[in-house]
Enquirer: 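Please see the structure below; I have some questions.
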Amino acid sequence: MINITLPDGSVRQYESGVTAIDIAKSISEGLARNVLSAEVNGEVIDATRSITSDATLKLLTWNDEQGKKTMWHSSAHLMAEALEELYPGIKFGIGPAIENGFYYDVDLNGGSISSEDFPTIEAKMKELAKRKSAFVRTEVSKADAIAYFTEKGDEYKLDLLKDLQDGTITFYQQGNFTDLCRGPHIPDTERIKAIKLMNVAGAYWKGDEKNKQLTRIYGITFTKPTELDEYLHLLEEAKKRDHRKLGKELELFIFSEKVGQGLPLWLPKGTALRERLVDYLKRAQAATGYVQVITPHIAHKDLYVTSGHYDKYGADSFQPIRTPQEGEEFFLKPMNCPHHCEIYKAKPHSYKDLPVRLAEFGTVYRYEQSGELHGLTRVRGFTQDDAHIFCRQDQVKEEFVKVIDLVLMIFKALDFKDYTAQISLRDPENKAKYIGSDENWDKAERSIIEAAEERGLNTVVELGEAAFYGPKLDFMVKDAIGRKWQLGTIQVDYNLPERFELEYTGADNAKHRPVMIHRAPFGSLERFVAVLIEHCAGIFPLWLAPEQAVILPISDKFNDYAKKVSNLLKNSDIRAAVDERAERAGKKIRDAELSRVPYMLVVGEKEEQAGTVAVRKHGEGDLGTMSIEEFADKINSEVNSLINISELN
RNA sequence: GCCGAAGUAGCUCAGCUGGUAGAGCAGCUGAUUUGUAAUCAGCUGGUCGGGGGUUCGAGUCCCUUCUUCGGCUCCA
């Protein structure tokens, strides 16, 4: 007998050789039907594999990330089986699960597949799924595996086999399809109940553009038809929230072919929104010991030679700006850090002065690949809410805590409730590729982890994801419809202080090298505004909305009163416009609702006589009549409850 | 940068197999003076992304270029 420990800590005894499915059945039939794979001693395996020694077991279902991945990976095999029946002679690359679904890369030998073929493929997949074919795992020798794919004529699988060790090779077979695969897979194809192929795209074999281009077919599957419906609904919702669409509709920003790709033009309303974000962060930073600096948009080549960026990015960047001076070259600044290093260097520092926190809303230019540009999330000119903190090694933790507080304050003000901190550390197997002493790295890594713990962050630690110059913490937020975005970042840098020979004088009267911390709570204003638009679907928090209220006179007889109301509100720092058009109230309300103005103030004869406004809230409707002062108080208290910088002190 | 698709009025889109452009909204003008999601009428507006070609004739076919979209690769 063996002991199986379940996630709740309970221990059950089973015969050796029991499978996860057997165990699930012993708990309930329903659970057994839902099991997709199993995590045994931390490793995800087929739910149908035997367990022969004491183990901890977690049964994975659709509700587990890994369960979904298993399902989608198996779905890729199912699609491959369908494709092989429909397109005999087709060759297969790789077919993994991805964040939302799966894909398979195929070589059609000159043929083609388009989205018009999807219904046929989907129908075939459904037919095959219903056969309830089991996914059967077999261990094969490398020689046998090579023989199998040589006979089949699948050069891609043979290419993959080259890099595999004999003795670790497994095949999975379901129905008539056999694939080289590590697994794991779901018990049988019948668990796949809903299938949707999403799109086709070209993709190079092994991601290398020198290799042949394969056809990549994306799909997604579900354990219930309703889950597919929900997913399609979510996609539609995402489309409605697309910041590129809303940015145009709400007149926030545009792009112009003449100005250039990836160079956004901020319209008055977008600028108002952005400036408000900037003011907010500036006030918060002023309260937490930052000083603002301003540096030019271009810099001499030498700056980037010193920083090392010239060697690394020179040829792939905007090319140098020349001057009448022979051989002189300037570059558009791609980051603010080297400039800030020069500011730090401008005078000697004592250990007592540290940390020095230099902040700048610095606009930078990077020549991103044309195919990579996307709305405001990936542009060629953008403004970072950048700051560099120069501190002693023993201050790293405290500085991290402070930056975390700043980021959390912003998340609160913008209603991001769901976030995790991703901590990127060194690859412990390969410490040599990182710059800086082992001791400092250890300290810094520990400081970051402790800072995150102290603030109760949910963290995910990624080994080997650190930059060569230091470990970092990135905030991953989930938006209102569950999509993940990377926003704020905090990074330790041991490289630039070295290259710029930054120093401070310690208590021992000797020179020491400060630690540099890069941080950007928003990341960039462009990207942040894009995420914000998609998060709130264009319905901005009241403190940010370009217009907080619009006053709607019933007829032009009341335009004067409307203007008076607008002026009174302006005195209370409320942004309110008047809709003076000769339209009916219904039309004005409709337009105001569509442009997502938070409050509409309808004014007519009654209001003019009583000195009041009839308040209507966006998306909610009529709130009744109140005095102008009451309304102003209501707005201001609502705003204050959202942004409260004093919390930081 | 690579592969695939698309580009028609300010916006959203229609325009079959080639026969010199349409709608709705927006805008303008006039009428209406209006009470919680679209008042009515009239009008303006396009070298059909740019360039080249085929043709008697090109929004429509071909080449080229730019931009956008979906992916790949990339992101200091």
Side-chain angles (χ1 to χ4, degrees), chain A residues 98 103 105 112-115 198-218 239 242 244-245 248-249 251 254-262 304 307-317 331 333-338 364-375 377-380 382 384 386 467-470 472 486 489 491 493 495-496 518 523-524 527 552-559 581-595 600-607 614-625:
Chain A
I98 52 175
Y103 67 79
D105 284 346
S112 77
I113 287 181
S114 78
S115 51
M198 302 306 293
N199 51 13
V200 272
Y204 297 104
W205 173 237
K206 291 188 167 171
D208 186 338
E209 61 184 75
K210 286 185 213 80
N211 289 337
K212 184 163 180 187
Q213 181 143 22
L214 306 180
T215 304
R216 177 166 297 178
I217 305 172
Y218 288 86
K239 226 178 186 175
D242 191 321
R244 293 168 300 186
K245 175 175 172 280
K248 204 186 266 180
E249 280 175 20
E251 298 181 357
I254 53 162
F255 288 90
S256 143
E257 280 192 29
K258 278 219 174 70
V259 172
Q261 277 187 290
Y304 303 113
S307 72
H309 294 108
Y310 179 79
D311 274 349
K312 207 163 171 216
Y313 294 101
D316 298 326
S317 302
F331 282 81
K333 89 172 157 185
M335 79 285 293
N336 305 298
C337 343
V364 298
Y365 299 91
R366 297 178 183 179
Y367 190 77
E368 303 292 0
Q369 294 185 32
S370 61
E372 203 33 63
L373 300 169
H374 180 91
T377 58
R378 196 76 183 277
V379 287
R380 283 181 172 168
F382 57 97
Q384 297 177 308
D386 212 356
F468 77 92
Y469 52 77
K472 63 176 176 175
Q486 194 227 301
T489 176
Q491 303 192 15
D493 188 341
N495 182 41
L496 288 180
H518 308 252
S524 85
R527 186 177 158 78
L552 312 177
I554 285 299
S555 82
D556 56 15
K557 280 191 234 157
F558 308 107
N559 282 358
R581 293 173 306 163
E583 295 288 351
R584 296 190 175 174
K587 169 71 168 166
K588 292 185 183 183
I589 285 166
R590 178 181 157 80
D591 288 349
E593 287 283 347
L594 289 176
S595 62
M600 285 146 270
L601 306 177
V602 180
V603 296
E605 195 171 358
K606 282 179 280 180
E607 287 76 19
V615 181
R616 180 190 164 99
K617 189 166 187 181
H618 171 83
E620 292 181 22
D622 201 347
L623 297 186
T625 302

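Just so it is clear, the values below take in all heavy atoms, side chains as well, and ignore hydrogens, waters and symmetry mates. Just so it is clear, the model here is predicted, and its values are computed rather than measured. By convention in this document, chain letters (A, B, ...) are assigned in the order of the sequence lines, proteins followed by strands, and residues within each chain are numbered from 1.
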Enquirer: For B:U54, give its Watson-Crick or G-U wobble partner with both distances under 3.5 Å, or none.
Expert: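 Partner of B:U54: none.
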Enquirer: Heavy atoms, side chains only, cut-off 4.5 Å: are A:Arg581 and A:Asp591 in contact?
Expert: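 Of all side-chain heavy-atom pairs linking A:Asp591 with A:Arg581, at least one is under 4.5 Å.
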Enquirer: Salt bridge (Lys or Arg N to Asp or Glu O under 4.0 Å) with A:Arg527: which residues, sequence neighbours excluded?
Expert: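 Salt bridge (Lys or Arg N to Asp or Glu O under 4.0 Å) list for A:Arg527, sorted by chain: empty.
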Enquirer: Just name whichever nucleotide pairs with B:G46, Watson-Crick or G-U, keeping both distances under 3.5 Å, else none.
Expert: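 Its partner is none (no Watson-Crick or G-U wobble pair with both distances under 3.5 Å).
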Enquirer: Check side-chain hydrogen bond (donor to acceptor under 3.5 Å, both in side chains) between A:Arg378 and all other residues, then give those that pass, not counting sequence neighbours.
Expert: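 By the side-chain hydrogen bond (donor to acceptor under 3.5 Å, both in side chains) rule, A:Arg378 matches A:Glu368, A:Glu372.
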Enquirer: If I pick the P atom on B:G57 and the same atom on B:A26, what distance separates them, to the nearest angstrom?
Expert: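 Taking atom P in both B:A26 and B:G57, they lie 42 Å apart.
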Enquirer: Any ion pair linking A:Lys557 and A:Glu605 (charged N to carboxylate O, less than 4.0 Å)?
Expert: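 Looking at A:Glu605 and A:Lys557, the cut-off is not met.
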Enquirer: On a heavy-atom basis, which atom in A:Phe255 and which in A:Gly375 lie closest, and how many Å separate them?
Expert: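 Smallest interatomic distance, heavy atoms only, reads CZ-O, 3.3 Å.
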Enquirer: N/O contacts under 3.5 Å, protein versus nucleotides 68-71 of chain B?
Expert:
unit_1, atom_1, unit_2, atom_2, d
B:U68, OP2, A:Gln261, NE2, 2.5
B:C69, OP1, A:Arg244, NH1, 3.0
B:G70, OP1, A:Arg244, NH2, 3.2
B:G70, O2', A:Asn199, ND2, 3.0
B:G71, O3', A:Tyr218, OH, 2.8
B:G71, O2', A:Tyr218, OH, 3.3

Enquirer: Roughly how far apart, to the nearest Å, are B:U55 and B:A38 at atom C1'?
Expert: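 Rounded to whole Å, the distance is 48 Å.
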Enquirer: Distance between the P atoms of B:A9 and B:U47, in whole angstroms?
Expert: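 Nearest-Å result for B:A9 against B:U47 at atom P: 9 Å.
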Enquirer: For B:C74, does the base pair up with any side-chain atom of A:Arg378 as donor and acceptor (N or O, under 3.5 Å, distance only)?
Expert: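 Per atom types, the contact qualifies.
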Enquirer: Is A:Arg380 close enough and on-axis enough to A:Tyr367, meaning under 6.0 Å and within 45°, for cation-pi?
Expert: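 The answer is yes; both the distance and angle limits are met.
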Enquirer: Taking atom P in both B:C28 and B:G35, what distance in whole Å separates the two?
Expert: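 The answer is 23 Å between these two P atoms.
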Enquirer: Can you see which heavy atom on A:Leu623 is nearest to which on A:Lys617, and at what distance?
Expert: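 Heavy-atom minimum between the residues: CD1-CB, 4.0 Å.
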Enquirer: Ignoring hydrogens and angles, tell me if any N or O in the side chain of A:Glu593 forms a donor-acceptor pair with the backbone of A:Gly619 under 3.5 Å.
Expert: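 Pair found, side chain donor or acceptor close to backbone of A:Gly619.
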Enquirer: Rounding to an integer number of angstrom, what distance separates B:A14 and B:A23 when you compare their C1' atoms?
Expert: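 Nearest-Å result for B:A14 against B:A23 at atom C1': 7 Å.
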Enquirer: Expressed as a whole number of Å, how far does the C1' atom of B:G46 sit from that of B:G15?
Expert: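 B:G46 and B:G15 have their C1' atoms separated by 14 Å.
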Enquirer: Applying a 3.5 Å limit to both distances, which nucleotide forms a Watson-Crick or G-U wobble pair with B:C74?
Expert: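 By the stated definition (distances under 3.5 Å), nothing pairs with B:C74.
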Enquirer: Using purine N1 to pyrimidine N3 plus N6-O4 or O6-N4 for Watson-Crick, or N1-O2 and O6-N3 for G-U wobble, both under 3.5 Å, which nucleotide pairs with B:G59?
Expert: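 When the pairing criteria are applied, nothing turns out to pair with B:G59, so the answer is none.
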Enquirer: According to the Watson-Crick and G-U wobble definitions, with both distances under 3.5 Å, which nucleotide is paired to B:U29?
Expert: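 The base-pairing partner of B:U29, which may sit in any strand shown, is B:A41.
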Enquirer: In this structure, how many angstroms lie between the C1' atom of B:C75 and the CD atom of A:Gln491, rounded?
Expert: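 For the pair A:Gln491 CD and B:C75 C1', the rounded distance is 12 Å.
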Enquirer: Counting only side-chain N and O atoms of A:Lys245, is one of them less than 4.0 Å from OP1 or OP2 of B:C11?
Expert: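 For A:Lys245, the contact criterion (side-chain N or O under 4.0 Å from OP1 or OP2 of B:C11) is not met.
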Enquirer: With both distances under 3.5 Å as the test, what is the Watson-Crick or G-U wobble partner of B:U68?
Expert: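 Looking at the geometry, B:U68 pairs with B:A5.
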Enquirer: When you compare the protein's N or O atoms with those of nucleotides 46-51 of chain B, which come within less than 3.5 Å of each other, and at what distance?
Expert:
none

Enquirer: What is the pairing partner of B:G24, taking Watson-Crick or G-U wobble pairs with both distances under 3.5 Å in any strand?
Expert: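 Paired with B:C11.
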Enquirer: Report each atom pair, protein N/O against N/O of nucleotides 34-37 of chain B, whose distance is under 3.5 angstrom.
Expert:
unit_1, atom_1, unit_2, atom_2, d
B:U34, O2, A:Arg584, NE, 3.3
B:G35, O6, A:Glu605, N, 2.9
B:G35, O6, A:Lys606, N, 3.3
B:G35, N1, A:Glu607, OE1, 2.8
B:G35, N1, A:Glu607, OE2, 3.4
B:G35, N2, A:Glu607, OE1, 3.3
B:G35, N2, A:Glu607, OE2, 2.5
B:U36, O2', A:Arg616, NH1, 3.2
B:U36, O2, A:Arg616, NH1, 3.4
B:A37, N7, A:Arg616, NH2, 3.2
B:A37, N6, A:Glu593, OE1, 3.2

Enquirer: Could you state the CD-C1' distance from A:Glu249 to B:U12, rounded to the nearest angstrom?
Expert: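 Checked: the CD to C1' distance equals 10 Å.
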Enquirer: Find the distance A:Asp105:CG to B:G4:P and express it as a whole number of Å.
Expert: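 From A:Asp105 CG to B:G4 P: 16 Å.
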Enquirer: Of all the heavy-atom pairs spanning A:Arg366 and A:Pro334, show the shortest one and how long it is.
Expert: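 Shortest heavy-atom contact: NE-O, 2.8 Å.
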Enquirer: If the C1' atom of B:C16 is compared with that of B:A21, how far apart are they to the nearest Å?
Expert: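 To the nearest whole Å, 15 Å.
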Enquirer: Just jot down the side-chain hydrogen bond (donor to acceptor under 3.5 Å, both in side chains) partners of A:Lys588, sequence neighbours excluded, or say none.
Expert: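 Not a single residue meets the side-chain hydrogen bond (donor to acceptor under 3.5 Å, both in side chains) criterion with A:Lys588.
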Enquirer: Just say parallel, tilted or perpendicular for the rings of A:His518 and A:Tyr469, cut-offs at 30° and 60°.
Expert: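 It falls in the tilted class, 30° to 60°.
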Enquirer: Please state the C1' separation for the pair B:U60 and B:C48 - nearest whole angstrom.
Expert: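 So the two C1' atoms sit 10 Å from each other.
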Enquirer: Identify the heavy atoms of A:Ile554 and A:Gly604 that sit nearest to each other, and give their distance.
Expert: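 Minimum heavy-atom separation between A:Ile554 and A:Gly604: CG1-CA, 3.9 Å.
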Enquirer: Looking only at heavy atoms, what is the nearest atom pair of A:Glu607 and A:Ala614, with distance?
Expert: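 Shortest heavy-atom separation between A:Glu607 and A:Ala614 comes out as OE2-CB, 3.6 Å.
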